[in-house]
Chemist: 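Before anything else, here's the structure in question.
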Amino acid sequence: MPHTTNNPAKRTWLSVPENSDFPIQNIPFGVFLTRDDIITIGTRIGDYAIDLGALHQLGYFEGIPLTDDIFLQDSLNDFISDGKKTWRLVRNRISDIFDSNNKDLQENEEHKKIVLFSLEEIEMQLPVQIGDYTDFYSSKEHATNVGSMFRDPDKALLPNWLHIPVGYHGRSSTIVPSGTPIRRPMGQTMPKGADTPVFGPSKRVDFELEMAFITTDANVLGEPVPIEEAEDYIFGMVLFNDWSARDIQKWEYVPLGPFLAKNFASTISPWIVTMDALEPYRVDSPKQDPTPLPYLQQTGQHSFDIHLEVAIAPEDTIPTTVSRSNFKYMYWTMAQQLTHHTINGCKINSGDLLGSGTISGPTPESYGSMLELAWQGTKPVALQDGSKRVFIEDNDTVIMKGYCQKEGVRIGFGEVSTKLLPTFKNKS
Ligand code: CA
């Protein structure tokens, strides 16, 4: 069914800038505030934001079983709960409404005024009310690099890593949309050579280049999701910057894992790109050796060829790209992550967000964190303004982008951009 919507030959009557991440083949979903300060669910084609609430009220989704207020909400959770069949019907209908051969909305000036917004007129919000957030650690290169730095290069991967998609439960309350500035966290660290910890601003604030997927209601408590069905419960993907404070992390993570080093902020790109839109970009994932246990075994292609890049822009300067990676380097697939997550009967709900873990590639230019790019501070990264970075400095903006490209069609995620502000200080 998604076939016609993904057709590379399809054209829209809206103007789409060359190299836009949002051609008519994309049709992502998001939530925005309109110029009239009304919150609505929408999509994007080129540089137009499209009000799906208004389109629905005007009757453009006739024949699709949707409640009247499904798009007049401040999150996509209910729409995502409607399931894959409904997502496809809606996405195909949007594709049809904006197809250059369809005159209905194209020639209705009054309706166009109600439905179409320029990007300047809107403010993107978090697309889902995130109930639970889990972060994995599924890039072999990243796990190997971190293991080499913090433990032993010869035993970089811990014994469980090749058998389990390792993960931890994060905190959803601090996930914010692109554009929201964050603050350098305060915390407790143990300086090198010291024998008592100190308290102060983190000196090692880092980004983590990740992607995340958003689920629909997948199971009931106690019932695992079989690996063959797992992809049916994934609505779509976003870019994800999982901010980390390496010095706090190093002191606190033993024995229970990440805590305050990880939960001060994580940032997502605001448009959720559906798995249907990503379908043409399936590729093999890395060969898994040893073969995983049967409940994690898959056949076919379950990774996606998504180019990723990270840039750092110090205040008032142009960004410098510091990393180029690809989602296809992930060792564990999203389906394996979701199945493993539920194998004990853990319940997954609509709007849950599951992060990939830092996506590092095989070469030093493709590492997904400053920890790795500057190799624990030993190899400073040069920026175009002449300055150097080993971690992120106050007032730097970190920008992540991602896109797929094939047969002249580019399906992108836009960007996730976050400015790091100095530590919060009480006014006294
Ligand atoms: Ca992470």
Side-chain angles (χ1 to χ4, degrees), residues 130 132-151 156-158 160-161 164-178 182 184-185 187 202 204-215 237-254 256-269 306 308-310 322-323 325-327 329-334 336-338 340-341 352-361 366-374 376 391-392 398-400 402 413 416 418 420:
I130 301 164
D132 274 309
Y133 154 47
T134 299
D135 199 24
F136 286 91
Y137 189 58
S138 289
S139 152
K140 190 176 177 185
E141 288 81 4
H142 174 68
T144 303
N145 288 339
V146 174
S148 301
M149 276 185 251
F150 286 148
R151 287 185 303 273
L157 286 183
L158 289 168
N160 59 5
W161 200 92
I164 291 174
V166 170
Y168 73 98
H169 287 121
R171 193 162 171 85
S172 54
S173 64
T174 37
I175 299 177
V176 292
S178 176
I182 64 159
R184 177 178 298 273
S202 166
R204 296 191 154 201
V205 174
D206 199 356
F207 61 79
E208 288 189 334
L209 171 61
E210 299 195 22
M211 297 200 70
F213 64 90
I214 287 145
T215 60
M237 298 177 73
V238 291
L239 300 166
F240 187 57
N241 181 354
D242 191 27
W243 289 89
S244 300
R246 301 298 180 193
D247 42 1
I248 297 172
Q249 181 181 355
K250 199 173 180 193
W251 173 230
E252 75 173 4
Y253 89 104
V254 183
L256 285 186
F259 187 32
L260 303 179
K262 296 282 186 174
N263 69 4
F264 60 96
S266 303
T267 319
I268 66 172
S269 55
I306 305 171
L308 299 168
E309 56 184 62
V310 187
V322 296
S323 173
S325 187
N326 194 305
F327 184 74
Y329 297 135
M330 301 301 298
Y331 187 85
W332 294 103
T333 67
M334 293 183 283
Q336 288 175 321
Q337 290 171 334
L338 185 59
H340 182 68
H341 203 315
D352 285 356
L353 182 133
L354 279 67
S356 58
T358 307
I359 304 164
S360 292
S366 60
Y367 293 166
S369 66
M370 288 304 289
L371 179 71
E372 296 162 89
L373 289 164
Q376 267 197 306
F391 288 100
I392 303 304
V398 175
I399 305 142
M400 295 176 177
F413 292 80
V416 56
T418 318
L420 177 66

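Side-chain atoms are counted along with the backbone in the values below, which use heavy atoms only and exclude waters and symmetry mates. One-based numbering, in listed order, for ligands and for the atoms of each.
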Chemist: If only atom types and distance count, is the side chain of Glu210 paired as donor or acceptor with the main-chain N or O of Gly357 below 3.5 Å?
Modeler: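 Present.
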
Chemist: For the Ca ion (ligand 1), find the closest N/O/S atom belonging to Glu210 and write down its atom name.
Modeler: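 When I compare the N, O and S atoms of Glu210, OE2 is nearest to the Ca ion (ligand 1).
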
Chemist: For Ser139 and Ser360, indicate whether the former's side chain and the latter's backbone hold a donor-acceptor pair under 3.5 Å.
Modeler: yes

Chemist: For the Ca ion (ligand 1), find the closest N/O/S atom on Asp135 and give its atom name.
Modeler: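 Per the distance ranking, Asp135 contributes OD2 as its closest N/O/S atom to the Ca ion (ligand 1).
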
Chemist: Could you identify the N, O or S atom of Glu208 positioned closest to the Ca ion (ligand 1)?
Modeler: OE1

Chemist: Just by modelled atom types, is the Pro185 backbone N or O under 3.5 Å from a matching donor or acceptor in the Ser202 side chain?
Modeler: no

Chemist: Verify, without hydrogens or angle tests, whether Thr358 (side chain) and Gly368 (backbone) share a donor-acceptor contact under 3.5 angstrom.
Modeler: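 No, Thr358 side chain to Gly368 backbone: no donor-acceptor pair under 3.5 Å.
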
Chemist: Could you pull out the atom name of the N/O/S atom in Asp242 that is nearest the Ca ion (ligand 1)?
Modeler: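 Minimum-distance N/O/S atom of Asp242 relative to the Ca ion (ligand 1) is OD2.
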
